[in-house]
**Student:** 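Okay, here's the structure, questions in a sec.
Keep in mind that what you see is a predicted model, and the values were worked out from it rather than measured. Just so it is clear: chains get the letters A, B, ... in the order the sequence lines come, proteins before strands, and each one is counted from 1.
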There are 2 protein chains.
Amino acid sequence: MKLSTKGRYAVMAMVDLARHAQTKPVSLSDIAARQEISLSYLEQLFARLRRAELVKSVRGPGGGYRLARGSAETRVSEIILAVDEPITATRCTEMGQAGCRADRSKCLTHDLWEELGNQIHVFLSSVTLYDVLERKLSTHIAEAPPAPANSDSMAAAS
Amino acid sequence: MKLSTKGRYAVMAMVDLARHAQTKPVSLSDIAARQEISLSYLEQLFARLRRAELVKSVRGPGGGYRLARGSAETRVSEIILAVDEPITATRCTEMGQAGCRADRSKCLTHDLWEELGNQIHVFLSSVTLYDVLERKLSTHIAEAPPAPANSDSMAAAS
DNA sequence: ATTAAATCCGAGTGGACTGGTTGGTTTTTC
DNA sequence: GAAAAACCAACCAGTCCACTCGGATTTAAT
């Protein structure tokens, strides 16, 4: 799973949509204004979200977008996968299959990246739009490992 | 924490170094040949790794690099932080402090990205070079969440 | 002393990706 | 018919990545 700002914009927009979708569909210009994302860029993102069947569109005046499913049934991982198509990892041409399997010593880190991908996916799959809105983040997953030495600084995932 | 291919190259190189550092220091041209990374690019990466005091250099013929600490005392998170300087997250100008704290509704996803950053950091901090070499990845951290709906596809983290 | 192996250093570069713009067209409501 | 909205296709400036090039310094071996 690729993690880029594009995916984050999409999640921001979807959270905004989930928040403001009561009865009427929500127009992209509303989301653009609230989230300070350019309208045309949002259009590109929502074209992908629509193809992934995460949202439904209503055309014409008073139209806009609705969530295809409920906010509690839409997981963050799905949004990111929809806009940020996977892309192949560094060497190992694709995760499980051929390529890297050949020369074992050259891809010692293969398992590491695969496991990291699992971690990220598990986490983002465990969070729905509803969770984000209600601030019910499941912090239950990880508990601090032994981690003996000095604590190095933390930053945003990009 | 930023996740890019640069960080992955650095980890690949450091694992290679840990593997081949017996008595002699390991030259970058050896690592470049084994890992198929350009020598000059490796030089840039190791300049950062040296400044971060993760490796020590020995100049002159027969020289090269050594791990500054043992492979079991060098965590993957440190390597990535050394080469891939953090960079500020999307909106929220920096994680904890000012900026995004002001307009709460605009940054509903703040907590999500912060928690994701925590997850990634915890995982990468729990893995040392020794673990990667010995293939002792600590998969103990995450256990599958409820995850009711269909399982969407998995891919590499980038 | 020379040579050569290696680390160091800084500048530059092609390509990819980001975030956005422009300029439309269709659909639909009023 | 006017206007609001989704749609769509191209294009673009900036940035970063992975890499190259051309050196310089240090030092071991001859």
Side-chain angles (χ1 to χ4, degrees), chain A residues 2-13 17 20-21 23-33 35-52 54-68 80 83-91 158, chain B residues 2-13 17 20-21 23-33 35-66 68 80 83-91 158:
Chain A
K2 189 179 179 193
L3 292 177
S4 71
T5 58
K6 192 185 212 166
R8 279 207 286 269
Y9 277 117
V11 174
M12 284 171 61
L17 174 58
H20 294 93
T23 56
K24 309 251 169 204
V26 180
S27 74
L28 289 190
S29 38
D30 285 357
I31 298 178
Q35 302 298 322
E36 295 178 350
I37 306 174
S38 88
L39 175 60
S40 308
Y41 195 43
L42 272 182
E43 286 178 349
Q44 292 172 38
L45 296 179
F46 272 76
R48 287 167 178 267
L49 293 171
R50 189 170 54 85
R51 274 179 241 130
L54 294 175
V55 297
K56 282 186 290 192
S57 66
V58 180
R59 303 185 68 160
Y65 287 90
R66 276 188 233 269
L67 292 180
I80 293 180
V83 300
D84 237 3
E85 75 278 15
I87 224 170
T88 132
T90 328
R91 281 293 133 86
S158 169
Chain B
K2 189 178 179 195
L3 293 177
S4 71
T5 57
K6 191 187 213 163
R8 277 206 289 268
Y9 277 118
V11 174
M12 284 171 61
L17 174 58
H20 294 94
T23 56
K24 309 250 167 203
V26 180
S27 75
L28 289 191
S29 39
D30 286 356
I31 298 178
Q35 301 298 321
E36 295 180 350
I37 306 175
S38 89
L39 176 60
S40 307
Y41 194 44
L42 273 182
E43 286 177 350
Q44 291 172 37
L45 296 180
F46 273 77
R48 286 168 180 265
L49 293 171
R50 189 171 54 87
R51 274 179 239 129
E53 297 185 343
L54 293 174
V55 297
K56 283 186 291 191
S57 66
V58 180
R59 304 185 69 165
Y65 288 90
R66 277 187 232 269
I80 293 180
V83 300
D84 237 2
E85 75 279 14
I87 225 171
T88 132
T90 328
R91 279 292 134 89
S158 167

**Student:** Can you check the A:Leu42 CG to D:dC7 P distance for me, whole Å?
**Tutor:**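 After rounding, the gap between these two atoms is 13 Å.
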**Student:** Just to confirm, is there a sub-4.0 Å distance from OP1 or OP2 of C:dT7 to any side-chain nitrogen or oxygen of B:Ser27?
**Tutor:**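 Checking C:dT7 against B:Ser27, no side-chain N or O comes under 4.0 Å of OP1 or OP2.
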**Student:** Mind running side-chain contact (heavy atoms from CB on, under 4.5 Å) on B:Ile31 and B:Ile37 for me, showing each step along the way?
**Tutor:** CA-CA 8 Å; B:Ile31 298 178; B:Ile37 306 175; 5.5 Å; no
**Student:** Check side chain to side chain contact (heavy atoms under 4.5 Å, CB included) between A:Ala21 and all other residues, then give those that pass, not counting sequence neighbours.
**Tutor:**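 A:Ala21 satisfies side chain to side chain contact (heavy atoms under 4.5 Å, CB included) with A:Leu17, A:Val26 only.
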**Student:** Whole-Å distance between D:dC7 C1' and A:Leu45 CG?
**Tutor:**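 After rounding, the reported distance stands at 14 Å.
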**Student:** Separation of A:Arg48 atom CZ from C:dT18 atom P, in whole Å?
**Tutor:**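 Spelled out: CZ on A:Arg48 to P on C:dT18 is 9 Å.
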**Student:** Nearest of C:dT18, C:dT21, C:dG20 to any side-chain atom of A:Ser40?
**Tutor:**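 The nucleotide sitting nearest to the side chain is C:dT21.
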**Student:** Of all the nucleotides listed (D:dC17, C:dG20, C:dG19), which has the minimum atom distance to the side chain of B:Lys6?
**Tutor:**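 Closest nucleotide among those given: D:dC17.
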**Student:** May I have the distance from B:Glu36 (atom CD) to D:dT20 (atom C1'), rounded to whole angstrom?
**Tutor:**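 Rounded to the whole Å, the gap is 18 Å.
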**Student:** Taking only N and O in the side chain of B:Ser38, is any of them less than 4.0 Å away from OP1 or OP2 of D:dT20?
**Tutor:**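 For D:dT20, OP1 or OP2 has a side-chain N or O of B:Ser38 closer than 4.0 Å.
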**Student:** Can you tell me if A:Ser29 touches the phosphate of D:dA4, counting only side-chain N or O atoms and a distance under 4.0 Å to OP1 or OP2?
**Tutor:**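 Checking A:Ser29 against D:dA4: no side-chain N or O falls below 4.0 Å of OP1 or OP2.
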**Student:** Does A:Ala47 have any side chain to side chain contact (heavy atoms under 4.5 Å, CB included) partners at least two apart in sequence or in another chain, and if so, which?
**Tutor:**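 Side chain to side chain contact (heavy atoms under 4.5 Å, CB included) list for A:Ala47, sorted by chain: A:Arg51.
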**Student:** Quick one: which of D:dC7, C:dG20, C:dC8 gets closest to the side chain of B:Tyr65?
**Tutor:**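 My answer, after comparing the listed nucleotides, is C:dC8.
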**Student:** Starting at atom NZ of A:Lys24, determine the distance to atom P of D:dA5, rounded to an integer number of angstrom.
**Tutor:**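 After rounding, the gap between these two atoms is 11 Å.
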**Student:** Can you check the A:Arg51 CZ to D:dA6 P distance for me, whole Å?
**Tutor:**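 One finds 15 Å between P of D:dA6 and CZ of A:Arg51, rounded.
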**Student:** Mind checking side chain to side chain donor-acceptor pair (under 3.5 Å) for B:Ser29 and listing every partner two or more places apart, or none if nothing turns up?
**Tutor:**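 Side chain to side chain donor-acceptor pair (under 3.5 Å) list for B:Ser29, sorted by chain: B:Ser27.
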**Student:** Show the distances under 3.5 angstrom between N or O atoms of the protein and N or O atoms of nucleotides 24-28 of chain C.
**Tutor:**
{"from": "C:dT26", "atom 1": "O2", "to": "A:Arg59", "atom 2": "NH2", "distance (Å)": "3.0"}

**Student:** It should be established whether A:Tyr41 places a side-chain nitrogen or oxygen under 4.0 Å from OP1 or OP2 of nucleotide C:dG19.
**Tutor:**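 So the side-chain polar atoms of A:Tyr41 do come within 4.0 Å of the phosphate oxygens OP1 or OP2 of C:dG19, strictly under.
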**Student:** Among D:dA5, C:dT18, D:dC17, which nucleotide has an atom closest to any side-chain atom of B:Asp84?
**Tutor:**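 Ranking D:dA5, C:dT18, D:dC17 by closest atom to the B:Asp84 side chain puts D:dC17 first.
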**Student:** How are the rings of B:Tyr41 and B:Tyr9 set to each other: parallel, tilted or perpendicular (split at 30° and 60°)?
**Tutor:**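 If you compare the ring of B:Tyr41 with that of B:Tyr9, the planes turn out perpendicular.
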**Student:** Distance check needed: D:dC7 P versus A:Arg50 CZ, whole Å only.
**Tutor:**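 Roughly 4 Å, once rounded to whole Å.
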**Student:** What is the distance from CD of A:Gln44 to C1' of C:dT22, rounded to the nearest Å?
**Tutor:**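 Rounded to the whole Å, the gap is 12 Å.
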**Student:** Not counting sequence neighbours, which residues clear side chain to side chain contact (heavy atoms under 4.5 Å, CB included) with B:Ala52? List them please.
**Tutor:**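 In terms of side chain to side chain contact (heavy atoms under 4.5 Å, CB included), with neighbours along the sequence ignored, B:Ala52 is linked to B:Leu54, B:Ala82.
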**Student:** Please check if the side chain of B:Arg8 supplies one atom and the backbone of B:Ile80 the other of a donor-acceptor pair under 3.5 Å.
**Tutor:**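 Here the side-chain-to-backbone pair does not exist.
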